[in-house]
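These numbers come from the heavy atoms of this one structure, side chains and all, not from hydrogens, waters or symmetry mates. By convention in this document, chain letters (A, B, ...) are assigned in the order of the sequence lines, proteins followed by strands, and residues within each chain are numbered from 1.
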Amino acid sequence: MRPPPFPKPAHPEEALVLQRALAGKVRLVGSLEGVRRIAALDASHKQGRPLVAVALLYDLEKGPLHVATAFLPEEALFPYVPGLLSFREAPAYLEALAALPEAPEALLVDGQGVAHPRGLGIASHLGVHLDLPSVGVAKRLLYGRPEAPLPEEKGAAVRLLAPDGRPLGYVYRSRTGVKPLYVSPGHRVGLEEALRFVRRLPTRFRLPEPLRLAHLEAGRALKALD
DNA sequence: GCGACAG
DNA sequence: ATCTTGTCGC
């Protein structure tokens with residue numbers, strides 16, 4: 001796939017302006033019912049080392065099909081600022097996605113979708129940029145609060161609400177006895193549809209398999225640098 | 001002023 | 001994101 005160029009803001013203030021504009025393009029409607037091939041995105045990074053981004057092409061019936069890796073030197077990276085993560089990692093993901101043998105039907109991203117202070121987590125940003133359906137799965141909360149206590153049983157989910165009460169996504173227990181995940185739609189998918197999709201992904205441990213495999217690969221690639 | 005704060 | 005040993009539990 002040939003992604004459009006991804007502009008790099010000169011500073012956080014500029015990123016904020018861009019972010020607010022792009023947030024207006026997010027569309028939270030659509031189902032991933034018929035989707036079969038997705039790309040799982042995860043990154044790994046160590047100070048002073050290049051950022052490693054992995055795009056793993058995954059077929060929901062066949063399993064993992066291909067792994068593409070991209071490296072971006074520290075000097076080329078936008079600084080990490082909570083709420084502006086996409087400006088740092090998205091360029092690397094776009095490069096990895098471009099190296100896949102075929103374009104995915106949807107993206108599964110390690111990070112937030114619309115459960116973000118300005119409604120544009122990295123999953124949403126990438127979805128809008130590539131005009132692809134996307135879902136965000138984060139390991140920690142950035143924005144919002146659980147509507148109620150999360151039950152212990154595998155598969156349990158409670159809504160994540162914005163301060164004004166608007167639903168943003170879900171706190172989701174992927175397995176019994178593990179810490180929850182934060183699932184939110186990125187782009188071109190509904191709130192409930194995003195959760196429904198994540199629930200049907202094979203999940204042996206805490207993370208859905210596509211993301212877990214991408215994470216393992218990113219860790220390997222980083223370690224292989226030294 | 002005091003926390004909170006994806007990766 | 002990474003830095004890190006032991007330890008609890010299936």
Side-chain angles (χ1 to χ4, degrees), chain A residues 6 8-9 12 15-16 19 22-23 26 40-56 69-96 107-129 134-146 152 154 160-163 168-172 174-187 194 198 203-208 210-212 214-226:
Chain A
F6 191 87
K8 178 178 178 179
L16 278 178
Q19 190 172 69
L22 291 171
V26 172
L41 271 30
D42 184 69
S44 190
H45 179 64
K46 181 162 47 167
Q47 279 294 354
R49 281 283 170 206
L51 172 84
V52 180
V54 166
L56 183 141
T69 307
F71 302 84
L72 230 53
E74 181 82 68
E75 319 81 67
L77 300 173
F78 188 83
Y80 172 67
V81 179
L84 297 180
L85 176 68
S86 57
F87 293 94
R88 181 179 180 80
E89 300 189 342
Y93 284 139
L94 293 175
E95 197 178 312
L107 304 176
L108 183 67
V109 190
D110 180 24
Q112 316 290 344
V114 298
H116 175 284
R118 290 165 298 280
L120 197 81
I122 189 167
S124 298
H125 197 157
L126 284 166
V128 167
H129 187 78
S134 62
V135 173
V137 174
K139 297 180 291 301
R140 298 192 304 183
L141 182 61
L142 171 67
Y143 183 71
R145 58 177 178 77
E152 297 295 331
K154 161 181 34 167
L160 201 54
L161 306 178
L168 302 170
Y170 298 85
V171 182
Y172 169 61
S174 58
R175 303 282 294 180
T176 301
V178 304
K179 292 189 300 179
L181 294 175
Y182 300 85
V183 178
S184 60
H187 182 53
V198 172
T203 305
R204 301 166 32 177
F205 302 104
R206 184 187 180 211
L207 289 176
L211 275 181
R212 189 179 76 91
H215 183 72
L216 287 174
E217 186 52 40
R220 265 175 239 137
L222 180 64
K223 193 149 217 174
L225 285 177
D226 37 36

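- Looking only at side-chain heavy atoms (C-beta outward), A/V183 and A/L160 stay at 4.5 Å or farther from each other.
- Contacts of A/L51 with the nucleic acid, taken as non-hydrogen atoms under 4.0 Å apart, are absent.
- Across all strands shown, A/Q112 has heavy atoms under 4.0 Å from base atoms, whether or not it also approaches the sugar-phosphate.
- Residue-level contact check: A/G136 touches neither bases nor backbone, having no heavy atom under 4.0 Å from any strand.
- The distance from atom CG of A/L225 to atom P of C/dT2 is 12 Å, rounded to the nearest whole Å.
- Put simply, the side chain of A/L181 reaches to within 4.5 Å of the side chain of A/P208, judged on heavy atoms.
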What does nucleotides 4-10 of chain C look like as a protein-contact string, B for base, S for sugar-phosphate only, - for none, at under 4.0 angstrom between heavy atoms?
-------
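- A distance of 7.0 Å separates CG in A/L77 from NZ in A/K8, rounded to the nearest 0.5 Å.
- A search for ring-ring contact (aromatic ring centres under 6.0 Å, His included) contacts involving A/H129 returns A/F6, not counting sequence neighbours.
- Secondary structure note: stems in DNA chain B built from 3 or more consecutive Watson-Crick or G-U wobble pairs under 3.5 Å do not occur.
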List the steps and the verdict of salt bridge (Lys or Arg N to Asp or Glu O under 4.0 Å) for A/K139 and A/D110.
CA-CA 8 Å; A/K139 297 180 291 301; A/D110 180 24; 2.9 Å; yes
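- With rounding to whole Å, A/L222 atom CG is found 11 Å from C/dA1 atom P.
- Scanning DNA chain B 5' to 3' for nucleotides with an atom closer than 4.0 angstrom to a non-hydrogen atom of chain A gives a first and last hit of B/dC5 to B/dG7.
- What separates NZ of A/K223 from C1' of C/dA1 is a distance of 14 Å, to the nearest Å.
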Show me the side-chain donor-acceptor pairs of residues 114-122 of chain A shorter than 3.5 Å, one per line, residues at least two apart or across chains.
unit_1, atom_1, unit_2, atom_2, d
A/H116, ND1, A/R118, N, 2.9
A/H116, ND1, A/G119, N, 3.4
A/H116, ND1, A/L120, N, 3.3
A/H116, NE2, A/G83, O, 2.8
A/R118, NE, A/Q19, OE1, 2.5
A/R118, NH2, A/Q19, OE1, 3.0
A/R118, NH2, A/G83, O, 3.4

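- Residues forming a side chain to side chain donor-acceptor pair (under 3.5 Å) with A/S44 (at least two apart in sequence, or on another chain): none.
- Here the CZ atom belonging to A/R175 is positioned 9.5 Å from the CZ atom belonging to A/R204, to the nearest 0.5 angstrom.
- In this structure, A/L108 CG and A/L211 CG are separated by 4.0 Å, a value rounded to the nearest 0.5 Å.
- With hydrogens and angles disregarded, a donor-acceptor distance shorter than 3.5 Å links the side chain of A/R88 to the backbone of A/F78.
- Looking at heavy-atom distances under 4.0 Å, A/L41 makes no contact with the nucleic acid at all.
- Shortest non-hydrogen contact noted between A/T203 and A/S174 is CG2-CB, 4.0 Å.
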